[in-house]
Amino acid sequence: MYRTHTCGELKINDAGKSVTLCGWVQKSRDLGGMTFVDLRDRYGITQLVFNMETNPDLCGQARKLGREFVIRAKGTVRERSNKNLKIPTGEIEIIVNELNILNRSEIPPFTIEEDTDGGDELRMKYRYLDLRRNSVKNNMILRHRVAQEVRKYMDSIGFIEVETPFLIKSTPEGARDFVVPSRMQPGTFYALPQSPQTLKQLLMVSGFDRYFQIVRCFRDEDLRADRQPEFTQIDCEMSFVERDDVLDTFEGLAKYLFKKIKGIEITEPFPKLSFNEAMEHYGTDKPDLRFGMKFTNLTSACKGHGFIPFDSAEHIAGIRAEGCSEYSRKQIDELTEFVRRPQIGSKGLFYLRYGKDGSLKSSFDKFFTPGDLGQLTSEMKAVPGDLILILAGDKQRTLTALSELRLEMGSRLGLRTSEKFVPLWVVDFPLVEWDEETKRYYAMHHPFTSPRPEDIHLMETNPAKVRANAYDLVINGVEIGGGSIRIHDTALQKLMFRVLGFTDEEAEAQFGFLLNAFRYGAPPHGGIAFGFDRWVAMFGGQDSIRDFIAFPKNNAGRDIMLDTPSPILDRQLEELMLSIKKPEKE
Ligand code: ASP
């Protein structure tokens, strides 16, 4: 046997056993007569001991071992005198009597320790070394566990995992496609799926009434922070369901995962908030409900006092920061700077302090009588000790800016801890949104999302008012998943394409396969997809998904380890009948 045990399993009651271990040299220490080597594998670290007095040759060899050498050591387990209770194997060590170097290692480009000296780029370039570090390795194990639990649960409620192709047809909706040229049909291209959306709908037409897949999706978007051009979804679809059947089913999955992965039992049903309520009260369609600070609309209470910033505003709203009435001038200035940042775009911040002694002091005192200020505090349901923060301006921008300010206050007050999880469903999204640049409507979710039946009559006359039968699962301010009840009727699907500005011919050319399928008995159906990477990162208590993906790309979409994207050979281009246009000289 190559090894009898792993480096993570020997305990005090194994003392006296003869064992063989294999692994990497984490570090070694010479203490005169003794040399200690920490041997690491996927399972843990075990201390090896070499004794200069009893085995000088072997001890000499041990002293020459470099970091990350791969070795095999045979020896006897014994109780350690100097125990390390921080690690599971810390009560024992192996007194080694045979040592083989299985492979040498160059000095690694960064230290393979928790506190590594490797910067991001270096860690990505040598990702296979980075994956030896405990934290990244544990993220991979967590990812594996979540995937296994998802499969277990979905199987237990009758879902079938079906794989769908990666080489599919390019469709102009949504994000940009990654395309793959065809050699056999030169001049034509496959696209990599942005999601298996239409394919899972076809599976419903086929009668697989409960489908899921843990599947890679590809979107060629300009990378915003923490997006990956390829990412993984838990993709699901069901037939003969209405919205709440889907929500109940996947609330079940979410609760199961919280219990299995985090040991958290969520017994309450997830609250449902409409898109409009979410926007009015939190200024975002993904509110972080770990804390309150719901917006209060102060438009009518604030207007008409001769204070121009209020009187000229379309919308005025405030939040109540509990216990912050003693914020210093400097703290208020910081918050003002915060809302004035170009990304947030507010002109200024207004405040009203409700002192612990009941006093009222505001940044607009000259224009408001004490009675007016009292009126504001009662609108805000404020109590002594509160600080009321107010923004004013055009409606959309004010709500969005106040949402950012709310999150900032939540963070400052320590209300956004990573160990608390507050899920909710956001429902009734608008079906379409208008794009000023291209002067047309785009599907807010995707073009296969059905309108609420009672709003269908508005589709041709006032599409912007139509609510979709769409929903998102939001946890701690992060969109974890989204889906909808689909259109399953050819005529309604054609109407939807028309609303989106497709001619019937264009719709037929792009989506003929789906429209055709709908002619052969499409069942009512709906589904959802979850961002698997993001969910795992959240369970891991981190914001960034990158360290939960074995081989991720950097923010420019490059794999720096593989050094790609990269040119291909002229021969390959010829086979594909492609030529590369040289960038024009300036
Ligand atoms: N395919 C959709 C997406 O990727 C999710 C869904 O509607 O099921 O966003």
Side-chain angles (χ1 to χ4, degrees), residues 150 154 159 161-166 168-178 191-205 208-221 224 227-239 241-251 253-254 275 285-286 425-433 442-452 467-475 478-488 493 496 500 510-511 514 522-535 545:
V150 168
M154 298 307 281
F159 279 74
E161 187 164 11
V162 183
E163 287 159 276
T164 50
F166 278 175
I168 66 163
K169 186 181 171 72
S170 181
T171 60
E173 269 306 310
R176 209 175 284 114
D177 286 325
F178 278 104
L192 302 180
Q194 296 182 23
S195 85
Q197 183 59 38
T198 50
L199 295 156
K200 67 175 171 177
Q201 291 190 244
L202 295 178
L203 287 171
M204 295 303 111
V205 179
F208 291 94
D209 63 345
R210 291 184 156 215
Y211 141 94
F212 87 104
Q213 183 180 193
I214 299 183
V215 63
R216 196 65 54 81
C217 301
F218 307 85
R219 295 183 192 175
D220 186 5
E221 292 173 306
R224 281 181 269 150
R227 289 265 180 118
Q228 287 280 316
E230 48 178 311
F231 59 96
T232 304
Q233 284 188 343
I234 310 171
D235 189 46
C236 313
E237 197 75 7
M238 308 168 78
S239 293
V241 285
E242 289 173 338
R243 184 194 78 183
D244 285 354
D245 301 311
V246 179
L247 300 193
D248 289 347
T249 304
F250 293 100
E251 196 165 309
L253 171 68
F275 172 85
D285 59 2
K286 33 179 187 296
W425 294 107
V426 177
V427 299
D428 294 343
F429 283 82
L431 185 69
V432 293
E433 55 191 340
Y442 283 86
M444 186 133 175
H445 190 50
H446 52 56
F448 318 105
T449 294
S450 67
R452 295 266 307 242
R467 287 165 303 164
N469 213 340
Y471 32 79
D472 277 357
L473 176 63
V474 175
I475 307 177
V478 178
E479 181 197 327
I480 287 290
S484 58
I485 296 298
R486 323 298 183 189
I487 297 170
H488 66 280
Q493 187 64 68
M496 179 67 177
L500 299 175
Q510 289 299 329
F511 299 107
L514 188 72
H525 60 285
I528 192 163
F530 299 96
F532 182 63
D533 312 279
R534 195 154 295 289
W535 210 345
I545 61 175

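This one's a predicted model, so the numbers in the text were calculated from it and none came from an experiment. In each ligand, atom 1 is the first atom listed, and ligand 1 is the first ligand listed.
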Considering only heavy atoms of Gln233, which atoms of ligand 1 have at least one such atom less than 4.0 Å away? 3 (C), 4 (O)
Can you tell me if Glu242 has over 12 outside heavy atoms packed within less than 6.0 Å of its CD? no
Who's the nearest protein heavy-atom neighbour of atom 5 (C) of ligand 1, and how far? Gly482 O, 3.4 Å
Under 4.0 Å between heavy atoms, the region of Glu479 that gets near ligand 1 turns out to be neither
Ignoring hydrogens and angles, tell me if any N or O in the side chain of Lys200 forms a donor-acceptor pair with the backbone of Phe212 under 3.5 Å. no
Quick check: does Ser195 get an N/O under 3.5 Å from an N/O on ligand 1? yes
Atoms in ligand 1 with a heavy atom of Ile528 nearer than 4.0 Å: 8 (O)
Could you tell me, atom by atom, which parts of ligand 1 come under 4.0 Å of a heavy atom of Gly483? 6 (C), 7 (O)
Mark yes or no for whether Ser450, through its side chain, and Ile485, through its backbone, hold a donor-acceptor pair below 3.5 Å. yes
Working for side-chain hydrogen bond (donor to acceptor under 3.5 Å, both in side chains), residues Thr164 and Gln213: CA-CA 9 Å; Thr164 50; Gln213 183 180 193; 3.0 Å; yes
Can you find an N or O of Gln197 that's nearer than 3.5 Å to an N or O of ligand 1? yes
State plainly whether the residues Arg452 and Asp428 are in salt-bridge range, i.e. N to O under 4.0 Å. yes
For Arg219, state whether at least one heavy atom is located under 4.0 Å from any atom of ligand 1. yes
I'd like to check Val215 versus Phe166 (side-chain heavy atoms, cut-off strictly below 4.5 Å). Are they in contact? yes
Hey, which atoms in ligand 1 end up nearer than 4.0 Å to a heavy atom of Lys200? 6 (C), 8 (O)
What do you reckon, is CZ of Phe178 surrounded by more than 12 foreign heavy atoms closer than 6.0 Å? yes
Please indicate whether any nitrogen or oxygen in Asp235 is less than 3.5 Å from any nitrogen or oxygen in ligand 1. no
Residue among Gln201, Glu237, His525 satisfying side chain to side chain donor-acceptor pair (under 3.5 Å) with Arg486: Glu237
Should you measure from each heavy atom of His445, which atoms of ligand 1 turn up under 4.0 Å away? 6 (C), 7 (O)
